[in-house]
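In what follows, a single structure is set out as C-alpha cells and then discussed.
Note that the structure is predicted; figures quoted are calculated from it, not measured. By convention here, the first residue in the shown sequence is residue 1.
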Amino acid sequence: MKEKTKTKTKIKHTSIKTLKHTRGISPLKIIQRIVMIIFMFPAVQVYATELTQLIDSALKKNYKIRNSEHEIISSEYDRKKGLSPFYPVVNIQANTTWSDSTTKYPDPASPNVDNEYNSNGYSLSISQTLIDYSKMYAYDESKLEAEINLVKHNKIINDIIVNVVENYFSYLKFQAQQKATKAELLSSSLRLTQIKRNNDLGNVSKTDVYEAFAQKEGNKRKVENIKKDIAISLRKLNSTTQSDTKPKFDIKLNLHYKEITLARQKKLFDTLVNTNYDIIVAKQGIAKADKTLGKARSGFLPTLSASADYNYTDSNNAFPSHKNDSSYGLKLTIPIMNGGSDVYEYKKNKNKNKIVQSQVTYEQTIDETQVSFDELVIKVNNNVESIGILKSIVLSNYSVYEGTQKAYKIGTKTLTDLLASESSLYNSIRDYYSNNYDYIINMTKLNALLGPIDLTSLEQLSLSMIPLVYNFDIKILDKFKKDLNE
C-alpha cells in the first residue's frame with residue numbers, strides 16, 4: 001500500500017549546516033526558532049497512513065504472531081484428536097497362508113503323505129467406547145487449552161501493536177529531543193566562539209572560556225546519547241514490524257487530550273475484569289484445573305465398551321472348508337491396581353490443590369492488572385495536566401533566557417546565569433516534547449489492558465500526523481514574537 005499525502009501548506013526549511021555558516025546569528029535566534037517549531041507547526045495539514053501501515057506489517061510478518069498462529073493450529077488438532085475416542089474404531093484384516101507338510105510313517109509299507117494347501121481369510125471388527133470418564137475429561141482439557149491458546153494469541157497481537165506504537169513514538173520523541181539539543185549545541189558553540197574572541201581581546205577571563213566549553217561539550221554528549229536512543233528505537237521498530245521503514249511523520253502538538261475522571265476509571269476497570277486477556281487466561285486456568293482433577297479421579301471409575309467381530313476363512317486342504325464366525329461383546333472394566341500411578345496422580349490433585357492454586361493465580365492476576373491500570377491512569381492524567389504547565393514553563397524560560405542574555409550584555413548577569421537559563425529553557429522544551437509522546441504511548445498501553453486495541457483510533461491518529469521536521473524555519477520567529485506579545 002502506497003502512502004498518500006495531501007499538503008496544504010508548504011514550508012521551507014533552513015538546514016543546521018546553513019545556520020552554522022550564517023554570520024551574525026545569535027543564540028537567541030536559534031532558541032526562538034526551536035520554540036516556534038513547537039507551537040507553530042501544528043498549522044500544517046498533512047494526512048498519512050504510516051503508523052497504520054507499520055501496524056499492518058507487524059500483524060502480518062512479526063515472528064511472535066506467526067509462531068503463535070502455528071500454536072493455535074496445533075492446539076486445534078489436539079482438540080480434534082481428543083474427540084477421536086468418542087467415534088467407533090473399525091478394523092479390517094485380510095490374510096492368506098501357504099502350507100506344505102510331509103508325514104512319514106515308521107512302517108515301510110505305509111507311504112509318506114505330502115500335503116500342500118493354502119487358506120485365506122478376512123475379518124471385520126468394530127468397537128465403540130460407551131463410558132470412559134478419563135477420555136471425556138481429556139477432551140475437555142484439550143478444548144480449554146485451545147481456547148486459552150487463542151486468548152494468548154490475541155494478547156500477543158495486542159502486545160505487538162503496543163510495541164509498534166511505543167517504538168514508533170519513542171523514535172519521534174528522541175527526534176524531537178535531538179532537534180532541541182542540536183539547537184542548544186549550536187547556540188553553545190556560537191557562544192564559545194564569541195567568548196574565545198572576547199578572551200583574546202582581554203574582555204573576559206579564561207574561566208568563562210572553560211565554562212562555555214564545558215557546556216558545549218555537555219550538549220555534544222547529549223546529542224550523541226540521543227542519537228543512540230534514536231538508533232535503538234528504530235532498530236526495535238524495524239524488528240517488530242519486519243520492515244526497514246524510517247518514520248517520516250510526526251504528531252501535531254496541539255492535540256486536545258482529556259483527563260480520565262474517577263467515574264470513567266471505575267467504568268473502565270469494571271470492563272477490564274471481563275476483557276483483560278491475562279485475567280481471562282487465569283480464569284480459564286481454574287476451569288482447566290477442575291478438569292485435571294476430574295481426570296485424575298476418573299482413573300478409579302469403570303469403563304464400558306462394545307464390540308462386534310466377523311471372521312471368514314476358507315482352505316483347500318485335503319478336506320476343503322469355509323468358516324464364518326460372528327461375535328458381539330460388551331466389556332466392563334473395573335480398575336483394581338495400576339502400579340499406583342492413578343493413586344499418585346489423584347493425591348497430587350486431591351483436596352482441590354490445583355483448583356485453589358489456580359484461584360490464587362486468578363486473584364493475583366486481577367490485583368497485578370489493577371496495579372498496572374492505576375499506574376497507567378496516573379501517568380495519563382499526569383501527561384494531560386502537564387501539557388499546559390510545560391508549555392507555560394517553555395514560554396517562561398524563554399522570557400527568562402531572553403532577559404538574562406540582555407542583562408549579560410550589560411554586565412548585570414554572569415555567564416553562569418546565562419548558561420543556566422539556557423539549559424533550563426532547552427530542558428523544558430525536551431520535557432514538553434516527551435510529555436506529548438508519552439501520553440500516546442501510555443494511553444495505548446492502557447487501552448491494551450482493556451482487551452483488543454481499537455485500531456480505528458490509531459488509524460485516525462495516523463491520518464492526523466504531519467511530515468517530520470528536522471530543521472528550523474527562520475520565518476517562524478516573527479510569528480512566535482507576535483503570539484508571545486499577545
Practice problem: Can you measure from CG (Asn381) to CG (Leu376) and round to the nearest 0.5 angstrom? | Solution: 11.0 Å

Self-check item: Residue pair Ile279 / Tyr362, side-chain heavy-atom distance below 4.5 Å
Solution: yes

Quiz item: Can you name the closest pair of heavy atoms from Ile226 and Phe174 and give their distance?
Solution: CG2-O, 3.2 Å

Exercise. Find the distance between OH (Tyr257) and CD1 (Ile387) and round it off to the nearest 0.5 Å.
Key: 5.5 Å

Quiz prompt | Ionic contact status for Lys173 with Asp438, cut-off 4.0 Å | solution = yes

Practice problem: Measure across Ser462 and Leu51 and return the closest heavy-atom pair with its distance rounded to 0.1 Å. | Solution: OG-N, 3.3 Å

Quiz item: Tell me, do Leu468 and Leu172 make a side-chain contact under 4.5 Å, heavy atoms counted?
Solution: yes

Self-check item: Thr245 versus Glu50, side-chain donor and acceptor atoms under 3.5 Å
Solution: no

Exercise. For the pair Asn435 (side chain) and Asn383 (backbone), establish whether a donor and an acceptor sit closer than 3.5 Å, ignoring hydrogens and angles.
Key: yes

Quiz prompt | Side-chain heavy-atom pair Tyr171, Lys236 within 4.5 angstrom cut-off | solution = no

Quiz item: Is the backbone N or O of Gly451 less than 3.5 Å from a side-chain atom of Asn158, with the two atoms forming a donor-acceptor pair by type?
Solution: yes

Exercise. Let me see the working for Arg66 and Glu69 under salt bridge (Lys or Arg N to Asp or Glu O under 4.0 Å), right down to the final yes or no.
Key: CA-CA 5 Å; Arg66 290 165 60 189; Glu69 288 171 348; over 6 Å; no

Self-check item: Separation of Asn154 CG from Ile453 CD1 (nearest 0.5 Å)
Solution: 11.5 Å

Exercise. Carefully, step by step, assess Lys291 and Lys143 under the rule side-chain contact (heavy atoms from CB on, under 4.5 Å).
Key: CA-CA 11 Å; Lys291 299 300 180 183; Lys143 183 179 178 181; over 6 Å; no

Quiz item: With the threshold set at 4.0 Å, does a side-chain nitrogen-carboxylate oxygen contact exist between Glu76 and Arg79?
Solution: yes

Quiz item: Should we say atom OH of Tyr77 is surrounded by more than 12 heavy atoms from elsewhere, each under 6.0 Å from it?
Solution: no

Quiz item: Quick one: OG on Ser396 to CD1 on Ile389, what's the gap to the nearest 0.5 Å?
Solution: 11.5 Å

Self-check item: side-chain contact (heavy atoms from CB on, under 4.5 Å) evaluation trace for Thr181 with Tyr426
Solution: CA-CA 7 Å; Thr181 309; Tyr426 281 105; over 6 Å; no

Self-check item: Nearest-0.5 Å distance that lies between atom CD1 in Ile161 and atom CG in Leu458
Solution: 7.0 Å

Self-check item: Neighbour count above 12 (heavy atom, 6.0 Å) for Tyr312 OH
Solution: yes

Quiz item: Per the salt bridge (Lys or Arg N to Asp or Glu O under 4.0 Å) rule, which among Arg430, Lys216, Lys220 passes with Glu184?
Solution: Arg430

Quiz item: Are the side chain of Ser57 and the backbone of Gln53 linked by a donor-acceptor contact shorter than 3.5 Å?
Solution: no

Quiz item: Where do His153 and Ile65 come nearest, in terms of heavy atoms and distance?
Solution: CE1-O, 3.8 Å

Quiz item: Have Thr240 and Asn163 got a donor and an acceptor in their side chains that come within less than 3.5 Å?
Solution: no

Exercise. Decide side-chain contact (heavy atoms from CB on, under 4.5 Å) for Gln175 and Tyr470; before the verdict, give the C-alpha distance in whole Å, the side-chain angles of both, and the deciding distance to 0.1 Å.
Key: CA-CA 8 Å; Gln175 283 285 1; Tyr470 297 94; 3.8 Å; yes

Quiz item: Are any of the side-chain heavy atoms of Lys222 and Asn225 separated by less than 4.5 Å?
Solution: no

Quiz item: If we ignore angles and hydrogens, is there a donor and acceptor under 3.5 Å between the side chains of Tyr137 and Glu141?
Solution: no

Quiz item: Just by distance, do the side chain of Asn67 and the backbone of Tyr63 share a donor-acceptor pair under 3.5 Å?
Solution: no

Self-check item: Note, Leu301 side chain near Ser134 side chain (heavy atom, < 4.5 Å)
Solution: no

Quiz item: Do Asp78 and Glu145 touch side chain to side chain, with heavy atoms closer than 4.5 Å?
Solution: no

Exercise. Output yes when a side-chain donor or acceptor of Asp367 lies under 3.5 Å from a complementary backbone atom of Glu363, and no otherwise.
Key: no

Quiz item: Got a sec: does the CD of Gln93 have more than 12 other heavy atoms crowding it under 6.0 Å?
Solution: no

Quiz item: Is any side-chain heavy atom of Leu330 less than 4.5 Å from a side-chain heavy atom of Leu130?
Solution: yes

Quiz prompt | Backbone of Ser233 reached by a side-chain donor or acceptor of Asn167 within 3.5 Å | solution = no

Exercise. Quick one: pull up CD in Gln265 and CG in Asp374 and give me the separation to the nearest 0.5 Å.
Key: 7.5 Å

Practice problem: Ignoring hydrogens and angles, tell me if any N or O in the side chain of Asn436 forms a donor-acceptor pair with the backbone of Tyr432 under 3.5 Å. | Solution: yes

Exercise. May I ask you to say whether Glu217 pairs ionically with Arg221, meaning some side-chain N is under 4.0 Å from a carboxylate O?
Key: no

Quiz item: Is there a side-chain contact between Val164 and Leu237, using heavy atoms and a 4.5 Å cut-off?
Solution: yes

Quiz item: So, the side chain of Thr275 versus the backbone of Leu450: is there a donor-acceptor pair under 3.5 Å, distance only?
Solution: yes

Quiz item: Which heavy atom of Thr129 sits nearest a heavy atom of Asp132, and at what distance?
Solution: CG2-CB, 3.6 Å

Self-check item: Residues Asp250, Tyr437; criterion side-chain contact (heavy atoms from CB on, under 4.5 Å); working and verdict
Solution: CA-CA 10 Å; Asp250 202 354; Tyr437 298 106; 2.7 Å; yes

Practice problem: Specify whether Phe373 and Phe269 have parallel, tilted or perpendicular ring planes, treating 30° as the upper limit for parallel and 60° as the lower limit for perpendicular. | Solution: tilted

Quiz item: Distance only, no hydrogens: is a donor on one side chain within 3.5 Å (strictly under) of an acceptor on the other, for Glu166 and Ser170?
Solution: no

Practice problem: Could you walk me through whether Arg235 and Asn238 pass side chain to side chain donor-acceptor pair (under 3.5 Å), step by step? | Solution: CA-CA 5 Å; Arg235 182 66 188 91; Asn238 290 340; over 6 Å; no

Quiz item: Of all heavy-atom pairs between Ser421 and Tyr401, which one has the smallest distance, and what is that distance?
Solution: OG-CD1, 3.4 Å

Exercise. Report yes or no: does Ser428 contribute a side-chain atom to a donor-acceptor pair with the main-chain N or O of Ser424 at less than 3.5 Å?
Key: yes

Quiz item: Which heavy atom of Val162 sits nearest a heavy atom of Ala448, and at what distance?
Solution: CG2-CB, 3.6 Å

Quiz item: Between Ser372 (side chain) and Glu368 (backbone), is there a donor-acceptor pair under 3.5 Å?
Solution: yes

Quiz item: Would Gln177 and Ser434 count as a side chain to side chain donor-acceptor pair (under 3.5 Å) if you check the C-alpha gap in whole Å, the side-chain angles of each, and the deciding distance to 0.1 Å?
Solution: CA-CA 8 Å; Gln177 291 179 358; Ser434 299; 2.6 Å; yes

